[in-house]
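First listed ligand is number 1; within each ligand, the first listed atom is number 1. Values below: all heavy atoms of this structure, side chains included; hydrogens, waters and symmetry mates excluded.
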Amino acid sequence: MTDKDVTPGWLHWYQGPTRPTFTLPDGAVDAHCHVFGPADQFPFAPERKYTPVDASAQQLFDLRDHLGVDRNVIVQATCHGADNSALVDALERSEGRARGVATVRADITDEELRRLHDAGVRGVRFNFVRRLVDAVPTAALETIAARIAPLGWHVVVYFEAADLPDLKDFFATLPVPLVVDHMGRPDVTKDPDGPEFAEFLDFVAANDVWVKVSCPERLTVTGPAALDGERHAYTDVVPFARRVVERFPDRVLWGTDWPHPNLKDHMPDDGLLVDHIPHVAPTPELRQALLVDNPRRLYWPTEA
Ligand code: 0GY
């Protein structure tokens, strides 16, 4: 793949990230990251809405080691559709240091689900963000949730805050735990103590829901960006993440979102994203839960 194939305006992931000044606790997990291609080995899906810059498993593992992360949860992105080959390849290369969240279709066989499990997959992802998919995947999710429940897997959902009122009753019927990407994408220009975010927090409180306090670089409106040594980045997102971490300390996860698909405004320095963590999880106890204990319970339960 050449750069001319990449979606116009797309930024390349950050080269030469800073070494964080915040030292991650031993065993820290980056619970939301992706691999993209390489396209000549793992072609992107024909139905994709964007063509990303290649981001290989080895490049992800180099970042892991640079940041002081111990393990990764690699999440299937829409550009690979339901072809999980790049994900499975990365899981196999990780030597047990990565788990996966796949995308599957409703007609997947039990043998294929078992093969994914053996490779390290522990969940399936459903994307409700309209710019990323052709159709709202409600029916498939219902069918697949029933199929994966016996495996002990969970469902990862990505949706925008404005869609939660329509989706929450359906989500509440699913027979497996739910993990919400990027705090359900709140509008951070609104009041973190206002009714819209309260509805999200109440939804989490009432159900078996976990939340990724990830992607401040995607949610921010006023910044400042995690660039040029800025260790107090994304101050407009912090109150939202703090509300979640402090109310649900045992059901929150953190992730880099490397290599940051669909960013056209700025590309964050991943080292500074690690330095952002103490702002959202201000005590060592909260950070131990967020970064180590919670992701281990969900993805490596026999070691937790
Ligand atoms: C993310 C965010 C995005 C993309 C995807 O699967 C995807 O393509 O999730 C986005 O565009 O906001 O978590 O990677």
Side chain or backbone of [X] under 4.0 Å from ligand 1, or both, or neither, by non-hydrogen atoms?
X      : value
Leu132 : side chain
Asp257 : side chain
Asp181 : neither
His32  : side chain
Lys212 : neither

Please tell me whether [X] and [Y] form a close aromatic pair, meaning their ring centres lie under 6.0 Å apart.
X      : Y      : answer
His32  : His182 : yes
Phe128 : Tyr158 : no
Phe159 : Phe171 : yes
His80  : Phe42  : no

Give me the residue, atom name and distance of the protein heavy atom closest to [atom].
atom                    : answer
atom 11 (O) of ligand 1 : Asn262 ND2, 2.6 Å
atom 14 (O) of ligand 1 : His34 NE2, 2.6 Å
atom 13 (O) of ligand 1 : His182 NE2, 2.6 Å

Within a distance under 4.0 Å of any heavy atom of Pro261, pick out the atoms of ligand 1 and give their elements.
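Every atom of ligand 1 under 4.0 Å from some heavy atom of Pro261: 1 (C), 3 (C), 4 (C), 14 (O).
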Under 4.0 Å from any heavy atom of Arg185, which atoms of ligand 1 are there?
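The list of qualifying atoms is 12 (O).
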Ring-plane angle category for Tyr299 and His154, please: parallel below 30°, perpendicular beyond 60°, tilted otherwise.
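Rings of Tyr299 and His154: perpendicular, as their planes differ by over 60°.
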Hey, does [X] sit under 4.0 Å from ligand 1 if you only count heavy atoms?
X      : answer
Glu160 : no
His260 : no
Lys49  : no

Salt bridge Asp70-Arg64, side-chain N to carboxylate O under 4.0 Å
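A salt bridge is absent here (no side-chain N lies under 4.0 Å from a carboxylate O).
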Hey, does Thr78 come in under 3.5 Å of ligand 1, counting only N/O atoms on both sides?
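In this structure, Thr78 places an N or O atom under 3.5 Å from an N or O of ligand 1.
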Is any N or O atom of Arg125, backbone or side chain, closer than 3.5 Å to an N or O atom of ligand 1?
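For ligand 1, there is an N or O atom that lies under 3.5 Å from one belonging to Arg125.
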Classify the side-chain pair Thr256/Asp30 by whether it contains a donor and acceptor separated by less than 3.5 Å.
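The criterion, which ignores hydrogens and geometry beyond distance, is satisfied for Asp30 and Thr256.
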Who are the side chain to side chain donor-acceptor pair (under 3.5 Å) partners of Asn127, not counting sequence neighbours?
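Checked Asn127 against side chain to side chain donor-acceptor pair (under 3.5 Å); zero matches.
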Full working for ring-ring contact (aromatic ring centres under 6.0 Å, His included) between Tyr234 and His266:
CA-CA 12 Å; Tyr234 312 127; His266 75 281; 5.8 Å; yes
Among Phe36, Tyr50, Tyr158, whose heavy atom sits nearest atom 2 (C) of ligand 1?
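Closest candidate by heavy-atom distance is Tyr158.
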Greater than 12 external heavy atoms within 6.0 Å of Arg247's CZ:
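Correct, the count exceeds 12.
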